[in-house]
Protein chains: 2
Amino acid sequence: MSFENLSNREKKVLQNLINHYIQTADPVGSRVIANKYRMGLSPATIRNTLQDLEEMGLLQQPHTSAGRIPTDHGYRVFVDMLLKQEPLNAGDTEKIQSMIKSSQKGIGMVLSQTSKILGDITNQLGVSISPRFEEGRLARLDLIPVSGGKLLVIVTVESGLARSILIEIESDIDSKELSHMQNVLNERLSGLTLGQIRKTIQKRLKDTDCTPRLIKLFIDPEIDIWTLEENENMFIMGTDNLVNQPEFSDRSRLSEFMKFLEEKKALKELIESKSIGEGIVITIGSECSIDQIQDCSLVTSKYRAGNLSGSIGIIGPTRMPYSKLISIVEYTAQSLTKALTESRGEDE
Amino acid sequence: MSFENLSNREKKVLQNLINHYIQTADPVGSRVIANKYRMGLSPATIRNTLQDLEEMGLLQQPHTSAGRIPTDHGYRVFVDMLLKQEPLNAGDTEKIQSMIKSSQKGIGMVLSQTSKILGDITNQLGVSISPRFEEGRLARLDLIPVSGGKLLVIVTVESGLARSILIEIESDIDSKELSHMQNVLNERLSGLTLGQIRKTIQKRLKDTDCTPRLIKLFIDPEIDIWTLEENENMFIMGTDNLVNQPEFSDRSRLSEFMKFLEEKKALKELIESKSIGEGIVITIGSECSIDQIQDCSLVTSKYRAGNLSGSIGIIGPTRMPYSKLISIVEYTAQSLTKALTESRGEDE
DNA sequence: CTTTGGCAATCTCCACATTAGAGTGCTAAA
DNA sequence: TTTAGCACTCTAATGTGGAGATTGCCAAAG
């Protein structure tokens with residue numbers, strides 16, 4: 001459905017109504033729009049427009065004698081056509097910049113800081129997800145024997161990011177065998193993404209003259225070297241903000257929502273699926289089909305860390321100050337990219 | 001204050017009252033105690049006892065014509081003197097056992113699983129904190145140069161747990177210098193706890209003939225190799241449970257509480273300070289002076305991972321089923337110790 | 001001396017009614 | 001096309017009146 005044929009007046013009314021509703025969370029009546037926003041029209045005229053907008057499915061009435069509130073469609077039109085980019089205020093940029101400082105302490109620290117700051121300055125839920133190592137191309141792989149029957153595997157991906165995994169081996173292994181193994185692995189796997197490697201590792205190591213016991217370490221799905229996602233790779237901060245929002249006054253809804261957040265997996269997939277392409281992506285209410293976050297919107301963006309990319313964003317009730325949030329998320333993603341790409345990230 | 005001089009009847013009444021209150025969350029009156037718990041006494045008699053208990057500070061009345069609820073003191077006496085250990089049910093033990101399976105996937109995974117399960121089966125907030133590497137004695141330190149101007153430091157502590165840190169160095173370093181540095185470090189630092197090392201590292205490396213640039217890596221507080229605590233070393237699950245409890249019906253209280261949880265630091269310190277010594281520690285309401293978790297109790301315990309120890313526990317309103325929770329936390333801590341000590345833990 | 005039944009007093013909680021206020025939709029006039 | 005006027009509707013706030021629960025105390029019973 002396209003709403004580009006809205007009259008100027010209709011646009012203006014919709015815009016004012018949503019802006020007011022975002023601030024007050026109360027249904028907005030014709031009087032408020034006419035008076036507070038000085039449209040030079042009487043409430044009665046506004047009422048006609050409101051009726052039109054309601055028929056178009058952009059507004060709805062909680063009950064007969066209440067003002068109107070936007071529908072998800074209404075927000076969509078607002079976001080797509082009527083939004084004015086709001087510049088960041090100095091305090092916020094400063095806070096976001098301060099996050100970069102923590103980039104020395106590993107990527108986990110930056111991301112945790114980022115979501116905290118996002119939550120703080122937006123008054124919504126701040127979320128950040130660590131880069132998808134899956135997409136990274138293997139640059140180099142080192143095998144290093146460590147005392148105590150352990151083997152250290154260092155995986156370096158092309159951008160320079162690296163992660164190390166310590167795995168156990170029952171007994172010591174001849175260093176010659178090990179370096180042979182390392183050569184074979186590098187030969188056969190370099191340039192592939194970790195995702196590809198994980199899927200095809202079985203095939204690729206089939207006909208080698210390496211020690212079977214060693215090979216097993218790399219193809220065993222139990223050990224799973226190639227999934228470098230940490231178990232804690234998503235940071236969610238600012239739940240205290242949501243608790244206060246009238247949209248979450250229903251206890252069982254809040255409870256379901258919290259449960260959903262703790263699940264993490266679904267939320268992660270959702271955000272990653274949304275934040276594709278460059279720039280900000282806005283998902284409004286029913287546009288995402290997940291039950292638990294109905295009446296919520298997402299403002300998400302990708303960021304880069306070298307060749308890899310991750311996602312950040314905020315979640316909150318559909319009644320959120322989009323224009324402000326877009327600027328914030330955008331700027332944060334840019335800052336994050338800068339922070340993680342300049343100092344080619346070490347991992348924790 | 002000692003309450004060992006309580007009469008048998010007083011004990012019985014207190015016990016029944018608390019048990020009933022734990023289930024219903026409603027103030028308990030004399031009638032309920034007399035009838036439902038078949039004490040063979042009339043409500044009037046119970047009333048007298050209730051008055052006595054109130055005077056002792058074990059009970060209180062929300063208002064004149066309500067029943068009574070326990071005070072923190074009341075809970076204390078209940079927990080110390082009147083608690084009957086409640087055996088675990090089969091389903092719960094099974095769930096706890098299932099957690100051990102995830103111990104293959106690194107300590108982070110087990111702990112995250114643990115708090116999830118704790119939250120699940122207790123219906124409270126499940127918390128687990130990773131072992132305090134601080135306390136671990138350095139067994140061995142390896143320095144391994146990695147491609148791309150990086151240096152890998154592997155810290156192995158006595159129990160066999162190890163962690164690796166990848167740090168950046170501007171330019172390559174002579175391997176001879178490196179192995180000399182490694183020798184010096186091992187000579188001077190082995191056997192000390194990481195906590196000790198961090199505090200005294202400056203002094204201990206003062207008079208060496210190592211490359212100054214290398215030395216800097218180990219004493220620079222910015223890099224801080226010796227703090228192996230991950231940034232995400234605490235797992236909190238089950239917030240959805242708390243939202244439903246009547247104790248958190250006040251929105252701003254809930255909000256403050258969530259904020260406190262996200263802070264993490266304070267909570268971590270609290271739990272670590274409580275779970276000293278062996279076995280379960282119970283902290284009731286005002287016994288812990290933190291504002292945000294007033295009216296909450298903690299049931300915590302230490303667990304061991306090799307030589308190191310960490311803490312787990314649950315948090316919930318003071319009105320919690322202590323006897324059940326104690327069994328659960330106890331058994332979970334034991335299981336965790338077993339899981340982490342058998343397979344000498346690799347780190348993620 | 002302990003226990004109990006009786007009873008007035010107190011306070012909460014709920015259901016219900018009433019009212020004030022906000023906003024609408026419609027109509028007729030400007 | 002816009003506006004003023006007005007009847008109508010619905011909510012939210014307020015107040016009222018029990019019903020119900022529980023207590024504390026007293027006097028009688030055990």
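Each chain gets a letter, A, B and so on, in the order the sequences are listed, and its residues count up from 1. Only a predicted model underlies this, so the values are computations on that prediction, with no experimental measurement involved.
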Engineer: Compare every heavy atom of Ser252(A) with every heavy atom of Asn244(B), then report the nearest pair and how far apart it is.
Structural biologist: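 Nearest pair, atom of Asn244(B) first, then Ser252(A): OD1-CA, 4.3 Å.
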Engineer: Evaluate the criterion side chain to side chain donor-acceptor pair (under 3.5 Å) for residue pair Glu263(B) and Gln292(B); output intermediate values, then yes/no.
Structural biologist: CA-CA 12 Å; Glu263(B) 223 55 85; Gln292(B) 290 96 333; over 6 Å; no
Engineer: Does a side chain donor of either Thr45(B) or Ser42(B) reach within less than 3.5 Å of an acceptor in the other side chain?
Structural biologist: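 The answer is yes; a qualifying pair exists.
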Engineer: Between Asp240(B) (side chain) and Ser255(A) (backbone), is there a donor-acceptor pair under 3.5 Å?
Structural biologist: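 Pair absent, no side-chain N/O of Asp240(B) close to backbone of Ser255(A).
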Engineer: Please check if the number of heavy atoms outside Gln85(B) that lie under 6.0 Å from its CD is greater than 12.
Structural biologist: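 Yes, the 6.0 Å shell around CD holds more than 12 heavy atoms from other groups.
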Engineer: Does the plane of the ring in Tyr37(B) sit parallel, tilted or perpendicular to the ring in His20(B)? Use 30° and 60° as the thresholds.
Structural biologist: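 Rings of Tyr37(B) and His20(B): perpendicular, as their planes differ by over 60°.
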Engineer: Quick check against the 3.5 Å criterion: does Thr71(B) have a side-chain atom that pairs as donor or acceptor with the backbone of Gln60(B)?
Structural biologist: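 A pair under 3.5 Å: no.
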Engineer: Could you tell me the boundaries of the chain A footprint on DNA chain C, defined by atoms under 4.0 Å from its heavy atoms?
Structural biologist: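 Contact boundaries, 5' end first: dA22(C) to dC26(C).
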Engineer: Has the side chain of Glu262(B) got a donor or acceptor atom that lies under 3.5 Å from a matching backbone atom of Gly238(A)?
Structural biologist: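 A pair under 3.5 Å: yes.
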Engineer: If you pin Ser42(A) and Arg31(B) to their nearest nucleotides in DNA chain D, which one's is more 5'?
Structural biologist: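 Counting from the 5' end, the first nearest nucleotide belongs to Ser42(A).
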Engineer: At the 4.0 Å heavy-atom cut-off to chain B, mark where contacts on DNA chain D begin and end, going 5' to 3'.
Structural biologist: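 From 5' to 3', the first and last contacting nucleotides are dA21(D) to dC25(D).
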Engineer: Is the number of heavy atoms from other residues, nucleotides or ligands within 6.0 Å of CZ (Arg31(A)) greater than 12?
Structural biologist: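 Open: at most 12 neighbouring heavy atoms sit under 6.0 Å from CZ of Arg31(A).
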Engineer: Output yes when a side-chain donor or acceptor of Thr318(B) lies under 3.5 Å from a complementary backbone atom of Ser297(B), and no otherwise.
Structural biologist: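 Pair absent, no side-chain N/O of Thr318(B) close to backbone of Ser297(B).
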Engineer: Using heavy atoms and a sub-4.0 Å distance, could you list which residues of residues 60-70 of chain A are near DNA chain C? By number, please.
Structural biologist: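 Residues of residues 60-70 of chain A that come under 4.0 Å of DNA chain C are, in numerical order, Gln61(A), Thr64(A), Ser65(A), Ala66(A), Gly67(A), Arg68(A).
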